[in-house]
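Heads up: the structure comes next, in structure tokens.
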Protein chains: 2
Amino acid sequence: MSMTEMHDATETAANERDVTDLVLEDILTGVLPAGTWLKQIDLEKRYACTRPEVRRALDRLSQKRLVEHVPNRGYHVYQPDGRRAQEVSDIRVILETAVADLMVERATPESIARLRELASHFDRMTMVGTVLEHYEANLAFHRELLLLSGNNELVDLVSEIRQRTSSAPVSQWRTRARVERSAREHHMMVDALEARDVADLKRLIEAHIRQTGDTAPAESAARQA
Amino acid sequence: MSMTEMHDATETAANERDVTDLVLEDILTGVLPAGTWLKQIDLEKRYACTRPEVRRALDRLSQKRLVEHVPNRGYHVYQPDGRRAQEVSDIRVILETAVADLMVERATPESIARLRELASHFDRMTMVGTVLEHYEANLAFHRELLLLSGNNELVDLVSEIRQRTSSAPVSQWRTRARVERSAREHHMMVDALEARDVADLKRLIEAHIRQTGDTAPAESAARQA
DNA sequence: GTATCCTAAATTGGCGCCAATTTTGGTAAC
DNA sequence: GTTACCAAAATTGGCGCCAATTTAGGATAC
């Protein structure tokens, strides 16, 4: 394969969103809320596809435990499970803080600039983007950050498990303040990276994942009042 | 549902090994080696099932990246990838050592006794078991240990990712000595747990996952000679 | 109003079939 | 021996169909 061919192949793959992706998107954006009965014949119409395609998509999503399959009764979107969400957050904290030293060690001026750009892109999507664009801007930032770990399996794994629970856009950001804090935290992470401050990066990553408010004392005081 | 009905339903689910499990078992035990072309019509015969069942199994396994799907050419078992294996091991070390303190904290005499029993069961399977039984005895030990973390998502996740690479039985234990060391390490982990020695447990878990030999100085010296 | 029953409609599950594509093996040419 | 070609055989992919199961709505009884 020449570079041109690689480029074309990449574009083809990137442009092909199959039914699984489409259903997933609608679940994550709240169009298909928790509990929704995903009738196969409805999905055929909705996504203008065939029954086998619908079935494959649903089976895949059920394997990821985003939807539940009940024999002879079909599939429905799983209800949020607070315990699972907590456990997934815990896992993410473990994984993402564990590689903070690698990220700092491997950061280059180019990667830092790239992350700054992605953090700014998130800011912009906060203002003018759709729910999905906003969500994807967040994913893009975090993926780029995690790629600095050099562990591709870990990058993919985190990407996978984030989809399992309340990190999805419909539930992740409940307030405007929370969104804004997330945006600030992105920039602060890049600052920590640039300063090669591993401890600060770890602290920021954990706070970010847990969405705790201990990074802004003034806001913390306001909440207690 | 009454208790009787629940009991029956549980039994039914436990006894049902679908084609996905059967294919997976044959891949992990080396019956279907890396590179094997998994022809749908062959699998139908091999597992006495229908084409749609085969297809579902293959799609699931391809989603797990155990088999690769090439359009119009079918599915084949992935070749081992040393880099992926290393990355998965790194992830496992991160996760499993991170919860060592929780395991120690939550260990009860009953759970320790249970782990001892499972470690002994592994010993026995080393002597008299099939490759699969041996493999499953190992999984059972590690699952029980990880359950002490209290994080079910983590238990399931580790179980999942272990299937992705060379932790599978055909490649995990290359020598008799390695197997025996693994067996000893199981018991030593239980010892550390009982002694509530978090540092020791972490060290053992890491050595065990990486299959390094630094737990037995005499053997280490012999290898350097 | 609630509970029960029944039936038609809706939906799921899975099979058979066959067109499209690839592989295999034989033959011919060099 | 290698390469190219071709046809038959093998395999994949996906569609239509319909039996099995569930749901929804109406009627009846209390």
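In what follows, chains are A, B, ... by sequence order, proteins preceding strands, each numbered from 1.
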- Between A:Glu110 and A:Arg114, is there a salt bridge with N-O shorter than 4.0 Å? no
- Message: I need the full list of salt bridge (charged side-chain N to carboxylate O under 4.0 Å, His left out) pairs touching residues 96-108 of chain B, with sequence neighbours left out, sorted by first then second residue.
- Response: B:Arg92-B:Glu96
- Here the ring-ring contact (aromatic ring centres under 6.0 Å, His included) pairs for residues 65-108 of chain B, sequence neighbours left out, are B:His69-B:Tyr75
- Message: One thing to verify: whether A:Glu68 and A:Arg73 come together as a salt bridge, which I'm taking to mean a side-chain N less than 4.0 angstrom from a carboxylate O.
- Response: no
- Item | Residues forming a side-chain hydrogen bond (donor to acceptor under 3.5 Å, both in side chains) with B:Arg56, sequence neighbours excluded | none
- Under 3.5 Å donor-acceptor, A:Asn138 side chain and A:Phe141 backbone: no
- Query: In whole Å, what is the span from the NE2 atom of B:His76 to the P atom of C:dT23?
  - Reply: 12 Å
- Message: Show me the pairs that pass salt bridge (charged side-chain N to carboxylate O under 4.0 Å, His left out) and involve residues 127-145 of chain B, at least two apart or across chains.
- Response: B:Arg143-B:Asp156
- Message: Check whether B:Ser159 reaches the backbone of B:Val155 with its side chain - one donor and one acceptor, N or O, closer than 3.5 Å.
- Response: no
- Letter per nucleotide, 5' to 3', of nucleotides 5-20 of chain D [B base touched, S only sugar-phosphate touched, - untouched; heavy atoms, 4.0 Å]: ------SBBBB-----
- Message: Strictly under 4.0 angstrom, non-hydrogen atoms only: write out the protein contact profile of nucleotides 4-9 of chain C, one letter per nucleotide from the 5' end, B, S or -.
- Response: ------
